[in-house]
Visitor: 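Below is a structure I'd like to ask you about.
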Amino acid sequence: SAAAPLPEEDCMKLNPSFLGIALSSLLAIDLWASKRLGVCAGEDSAWGSARPLMKVIEVSGHGVPWLLGTFCGLCQSDSSAAREVLLNLLFALLLDLVLVAVVKGLVKRRRPTHNKMDMFITISVDKYSFPSGHATRAALVCRFVLRHLVLAVPLRVLVVLWVLIVSISRVMLGRHNMTDVLFGLLLGYALYSVVEYCWLSPLSTPALFALW
């Protein structure tokens with residue numbers, strides 16, 4: 001008797017598409033390279049002695065210091081122009097936290113297996129890896145600072161270097177895979193455009209500025 005036809009999903013598994021093979025290969029390369037670059041993932045790693053420095057860099061890109069610093073600056077500022085910039089930076093940081101949390105909750109990609117869960121102030125979605133909130137925040141803050149603060153060229157270079165160092169440290173500490181960081185940088189870069197489009201000003205939101 002003739003053999004029964006295979007279910008459609010089994011046929012797909014036996015004949016994977018070119019796109020599926022390419023994505024699986026890229027994922028494998030991403031996991032392999034990320035593990036190789038996680039040289040500060042533990043004290044016994046290749047660069048384990050540099051782990052304390054990497055953790056300081058980690059804190060520099062964390063959301064809590066940025067939120068507290070921006071809020072304190074907003075409360076103490078006596079310039080209307082400065083308050084407008086700081087209020088929009090606070091809005092950008094809050095929007096970044098919400099968006100990253102939503103994407104992490106939807107994707108639910110686990111952190112690398114070589115990661116040690118000893119991060120500075122975490123919440124429930126921080127058990128997930130995609131995207132890197134530090135990378136997203138660094139790219140967002142970088143574009144914001146370069147656009148709205150008058151800085152000398154050396155300081156502008158330092159801001160860009162800070163973004164690169166924070167991003168690289170995420171992989172070196174074993175917190176994220178490379179694709180988590182790359183997508184985070186792209187997301188943060190694009191998120192700034194949303195902040196500019198929704199810019200809060202005394203004309204658009206007078207009631208909000210009346211609080212300050």
Side-chain angles (χ1 to χ4, degrees), residues 23 26-27 29-31 33-34 37-38 54 56-71 73-74 82 84-109 111-112 119-123 125-126 128-201 204:
L23 290 177
L26 288 175
L27 178 60
I29 294 172
D30 177 38
L31 296 176
S34 301
L37 293 173
M54 292 294 106
V56 172
I57 296 172
E58 178 177 65
V59 174
S60 76
H62 197 280
V64 171
W66 278 100
L67 284 170
L68 291 178
T70 303
F71 183 77
L74 183 60
E84 181 176 344
V85 171
L86 288 171
L87 185 60
N88 280 277
L89 178 56
L90 184 63
F91 166 66
L93 293 170
L94 291 173
L95 184 63
D96 167 68
L97 284 177
V98 172
L99 182 59
V100 170
V102 169
V103 176
K104 282 187 174 183
L106 291 174
V107 177
K108 295 183 178 180
R109 185 184 192 184
R111 290 189 181 270
M119 294 175 289
F120 174 73
I121 306 180
T122 59
I123 57 176
V125 293
D126 284 330
Y128 300 125
S129 175
F130 185 91
S132 167
H134 281 68
T136 305
R137 188 174 304 108
L140 171 64
V141 169
C142 178
R143 284 198 71 188
F144 194 101
V145 168
L146 294 182
R147 174 66 177 83
H148 294 285
L149 295 184
V150 179
L151 299 176
V153 172
L155 291 178
R156 296 173 74 87
V157 172
L158 284 177
V159 171
V160 175
L161 285 177
W162 171 74
V163 175
L164 296 176
I165 292 171
V166 168
S167 301
I168 293 171
S169 72
R170 308 311 293 153
V171 181
M172 293 179 66
L173 280 169
R175 307 297 198 206
H176 292 279
N177 296 304
M178 292 173 60
T179 48
D180 303 333
V181 174
L182 292 175
F183 184 84
L185 290 172
L186 292 174
L187 183 61
Y189 188 89
L191 189 57
Y192 173 78
S193 300
V194 177
V195 174
E196 281 287 293
Y197 181 79
C198 303
W199 188 261
L200 306 176
S201 69
S204 61

Visitor: Please test L140 against R137 for side chain to side chain contact (heavy atoms under 4.5 Å, CB included), starting from the C-alpha separation and ending with a verdict.
Guide: CA-CA 5 Å; L140 171 64; R137 188 174 304 108; 5.6 Å; no

Visitor: Under the 3.5 angstrom rule, does the side chain of S204 hit a backbone N or O of L200 as a donor-acceptor pair?
Guide: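 Flag not set: sc S204 to bb L200 has no pair under 3.5 Å.
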
Visitor: Dump the intermediate steps for side chain to side chain contact (heavy atoms under 4.5 Å, CB included) on L94 and L90, then the final yes or no.
Guide: CA-CA 6 Å; L94 291 173; L90 184 63; 4.3 Å; yes

Visitor: Any chance you could measure T136, atom OG1, to F183, atom CZ, to the nearest 0.5 Å?
Guide: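 Result: 8.0 Å between the selected atoms.
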
Visitor: When you look at M119 and R111, which way does the side chain to side chain contact (heavy atoms under 4.5 Å, CB included) test go after all the steps?
Guide: CA-CA 12 Å; M119 294 175 289; R111 290 189 181 270; 3.5 Å; yes

Visitor: Mind checking the CG-CZ spacing from D126 to R175? Nearest 0.5 Å is all I need.
Guide: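 Here the interatomic distance stands at 10.5 Å.
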
Visitor: Check this for me: does any side-chain nitrogen of one of R109 and D180 sit under 4.0 Å from a carboxylate oxygen of the other?
Guide: yes

Visitor: Please confirm whether the backbone N or O of M178 pairs with a side-chain atom of S34, one donor and one acceptor, at under 3.5 Å?
Guide: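 Looks like yes, one N/O pair under 3.5 Å.
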
Visitor: Less than 4.5 Å apart, side chain to side chain, heavy atoms only: is that true for L185 and V163?
Guide: yes

Visitor: Are V141 and L93 side-chain neighbours, meaning at least one heavy-atom pair lies under 4.5 Å?
Guide: yes

Visitor: I'd like to know if the side chain of H134 and the backbone of E58 have a donor-acceptor N/O pair within less than 3.5 Å.
Guide: yes

Visitor: Please report the interatomic distance CH2(W162) to CD1(I165), rounded to the nearest 0.5 Å.
Guide: 10.5 Å

Visitor: Take E196 and R143, measure what side chain to side chain contact (heavy atoms under 4.5 Å, CB included) needs, and give me the verdict at the end.
Guide: CA-CA 11 Å; E196 281 287 293; R143 284 198 71 188; over 6 Å; no

Visitor: P112 and G174: which non-hydrogen atoms are nearest, and at how many Å?
Guide: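 Looking at all heavy atoms of both residues, the shortest contact is CG-O, 3.5 Å.
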
Visitor: Applying side-chain hydrogen bond (donor to acceptor under 3.5 Å, both in side chains), can you list everything that pairs with E84, at least two apart in sequence or on another chain?
Guide: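 Only W199 meet the side-chain hydrogen bond (donor to acceptor under 3.5 Å, both in side chains) criterion with E84.
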
Visitor: What distance do Y192 atom OH and N88 atom CG have between them, rounded to the nearest 0.5 Å?
Guide: 9.0 Å

Visitor: Where is the tightest heavy-atom contact between G133 and D96, given as atom of each residue plus distance?
Guide: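 Here G133 and D96 meet closest at O-OD2, 4.4 Å.
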
Visitor: Find the distance between CG (L97) and CH2 (W66) and round it off to the nearest 0.5 Å.
Guide: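 One finds 13.0 Å between CG of L97 and CH2 of W66.
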
Visitor: If you count every heavy atom of other residues, nucleotides or ligands that lies below 6.0 Å from Y189 atom OH, does the total exceed 12?
Guide: no

Visitor: Among L161, V150, L146, L149, which residue satisfies the side chain to side chain contact (heavy atoms under 4.5 Å, CB included) criterion with R156?
Guide: L146

Visitor: Please enumerate all residues that pass ring-ring contact (aromatic ring centres under 6.0 Å, His included) together with H176, with sequence neighbours excluded.
Guide: none

Visitor: In Å and rounded to the nearest 0.5 Å, what is the OG to NZ distance from S129 to K108?
Guide: 15.0 Å

Visitor: Can you name the nearest heavy-atom pair linking A138 to V166, along with the distance?
Guide: CB-CG1, 4.4 Å

Visitor: Given side chains that start at C-beta, do those of V85 and F144 come closer than 4.5 Å, heavy atoms only?
Guide: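 Yes; the side chains approach each other to less than 4.5 Å.
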
